[in-house]
Amino acid sequence: MPPPLELPTIQNWSCHNCGGCCRQHAVQITEEERQRIAEQGWDASNGVPAGQPLFVWASGPPWRKRYRLAHQPDGACVFLDERGLCRIHARFGEPAKPLACRIYPYAFHPAGKRLALSLRFSCPSVAENKGRSVTDQRVDLKELVRLVVPDGVERVPPPDISPGQRLDWPDFSRCVEVLGMSLAGQPNDGSSISVRVLRSLFWVSLLGQAKFDLIRGDRLDDLLELLTDAAATDVAARLEDYAEPSRTGRMQFRLLAAQYSRSDTVLGSRSGWRGRWRLLQAALRFTRGTGMIPTVDDKFREVPFAALEPSFGPLPPQAEEMFTRYFRVKIQGLHFCGRAYYNVPFVEGFWSLALVLPVSLWLARWFAASAGRTSLTFDDVLRGLTTADHHHGYSPLFGQSGFRGRVRLLAKLDDISKLVAWYSR
Ligand code: SF4
C-alpha cells in the first residue's frame, strides 16, 4: 500500500519534449539499470554511433559501481535523438527508462506518515504551468511512488526549525502550512510576491530565535499568529522603503549568483588547470564586481556588472504568478529543508529559498541586458528561474559549508530582505 501523497493543487505539468533535462542532467543509474540498458542492443543501426559510450563513471570511488548515462559531444544524453525524443522510450516504452528519468521533474519527500510531492522548476513546462493538473495524475504518481519507496515511506524525524530546536511532525507541518499561506497572501490584498517573501522572511527569522521546549500545539498556533500579524503590520509594503544591500552583502550575492548561473552541477565542470584557472579568474571578477561580468556559461553575453543595478521596472504579471506558485509548491513539498535540501533546518532552508527570487531576477536582468534591453520580459524571468532552480537542492556545491555560510552571513547582515527588494524593483 503506497503512503498517502500530498499533491500541490495549483500546479500543472506534462512533458513537452523540449529535451532540456536530457541535456542538463547527469543521470545516475543503478547497476541493475546499467545491465538492463546494456542488454538492449544499442549500436549505429538504432542511432548510437560507433565508439560512443553508453555509460561513464559517476563521481565516487570505483568500488561503489556508480554510473551515469553518457552524453554526446553536443551535450545531449546519449539516448536523445534528433527529434528531441528518448530512444529507450521509443523502442521499449517508458518503464524501460532509468528511474531518475521517469521521476523528473517530480520530487518526493517524507512528511511524517505521508509523502509530499514537489516539482523541479528547472523544467520550463513546470515553470510555465503547462499540461495536466498534477492532482489529476494521482494514479500515475502512485505507481511512481511504488518504485521510489517500495518498502513504504521511511519514518524520519522532521527537520529542525533552527539548530537544535525540533518540533514533532504535526507542529512542524503547521509551520509549513502557515509559511505556505504567508506566501500565497490573502485574497485581494494586492501584495506582490516580493512583499510576501519579505513578510515571510521577517517572521520566519523571528521564529528561528524561539525555544520550543514549552511551545507546542495551541501555543505554537498563538506564536505563529502573533508573528504573522507583526509581519503584516511592521514590514514595509513599498520596495523603495528598503535600504540598498550592504557592500559585503552585494559581494556575497554576486558569488552566489555566479554559482547559480552555471548550466552544470557536476556534469561538464571545467577540469584541468586551464579550466580551474578560468574559474579562479571569474571568481575574482565576481568578487570585485566592476567591469564586465565574466560569462561562466554560453547563455549569457558579457555586459557590465553596473548594467544590472538600475531598476528594471515591476515584474511582468505572469512572473508574479510563476513565483507565487514556485514558493507555494516548494514549501508544501518540503523542497527547502531537511532531506530534500542538504539537511538544513527550516529557517536556514527558507533563507536559501527566498534568495532564489533575487538570484532569478539578477539572472533575468543579465538575459535582458545581453539582448540590449533595460526592462524584463516574462521570458527573461522564466529563464532566470529555470536556470536557478536547476541547482537548488541538487548541486553538491550548495550543500557545502562555503555556500551555507554565505547564506547565513547574508541573513545575519539583514541583506536577504534588501536583496529581494533591490532586484524586485
Ligand atoms: S525539461 Fe521538462 S518539458 Fe523538457 S523534456 Fe524534460 S521533462 Fe519534458
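Worth saying up front: this structure is predicted, and the values here are computed from it rather than measured. We count ligands from 1, going down the list as the structure has it; atoms in each ligand are counted the same way.
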A.B. asks: Examine the side chains of Asp389 and Tyr326 and answer whether a donor and an acceptor come within less than 3.5 Å of each other.
C.D. replies: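 Side chains of Asp389 and Tyr326: pair found under 3.5 Å.
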A.B. asks: Taking the six-membered ring of Phe79 as reference, does the cationic atom of Arg87 (NZ for Lys, CZ for Arg) lie under 6.0 Å from its centre and within 45° of its axis?
C.D. replies: no
A.B. asks: For Gly19, take its heavy atoms, then give the atoms of ligand 1 lying under 4.0 Å from any of them.
C.D. replies: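 By the 4.0 Å cutoff, the relevant atoms are 4 (Fe), 5 (S).
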A.B. asks: Relative to ligand 1, is Tyr106 under 4.0 angstrom through side chain, backbone, both or neither, heavy atoms considered?
C.D. replies: neither
A.B. asks: Any atoms of ligand 1 less than 4.0 Å from a non-hydrogen atom of Cys21? List them with their elements.
C.D. replies: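 Near Cys21, the atoms of ligand 1 are 1 (S), 5 (S), 6 (Fe), 7 (S).
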A.B. asks: Which atoms of ligand 1 are found less than 4.0 Å from any heavy atom of Trp13?
C.D. replies: 7 (S)
A.B. asks: Any donor-acceptor pair under 3.5 Å linking the side chain of Ser200 with the backbone of Arg196?
C.D. replies: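 At least one qualifying donor-acceptor pair exists.
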A.B. asks: Out of Arg120, His16, Lys130, whose heavy atom is nearest to atom 3 (S) of ligand 1?
C.D. replies: His16
A.B. asks: Can you list the ligand 1 atoms lying under 4.0 Å from a non-hydrogen atom of Cys18?
C.D. replies: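 Counting atoms of ligand 1 from 1, those under 4.0 Å from Cys18 are 1 (S), 3 (S), 4 (Fe), 5 (S).
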A.B. asks: For residues Val176 and Gln332, report the shortest heavy-atom separation together with the two atoms involved.
C.D. replies: CG1-CA, 4.5 Å
A.B. asks: Can a side-chain donor-acceptor contact be found between Ser205 and Trp351 if the only test is distance below 3.5 angstrom?
C.D. replies: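 Yes, a side-chain donor-acceptor pair sits under 3.5 Å.
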A.B. asks: Scan side-chain atoms only and decide if Gln137 and Tyr106 contain a donor-acceptor pair under the 3.5 Å cut-off.
C.D. replies: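 Their side chains do contain a donor-acceptor pair, which is all the 3.5 Å distance test asks for.
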A.B. asks: Where is the nearest protein heavy atom to atom 2 (Fe) of ligand 1: which residue, which atom, and how far?
C.D. replies: Cys123 SG, 2.4 Å
A.B. asks: Got an N, O or S from Cys15 under 2.8 Å of atom 8 (Fe) of ligand 1?
C.D. replies: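 Checking Cys15: at least one N, O or S atom is under 2.8 Å.
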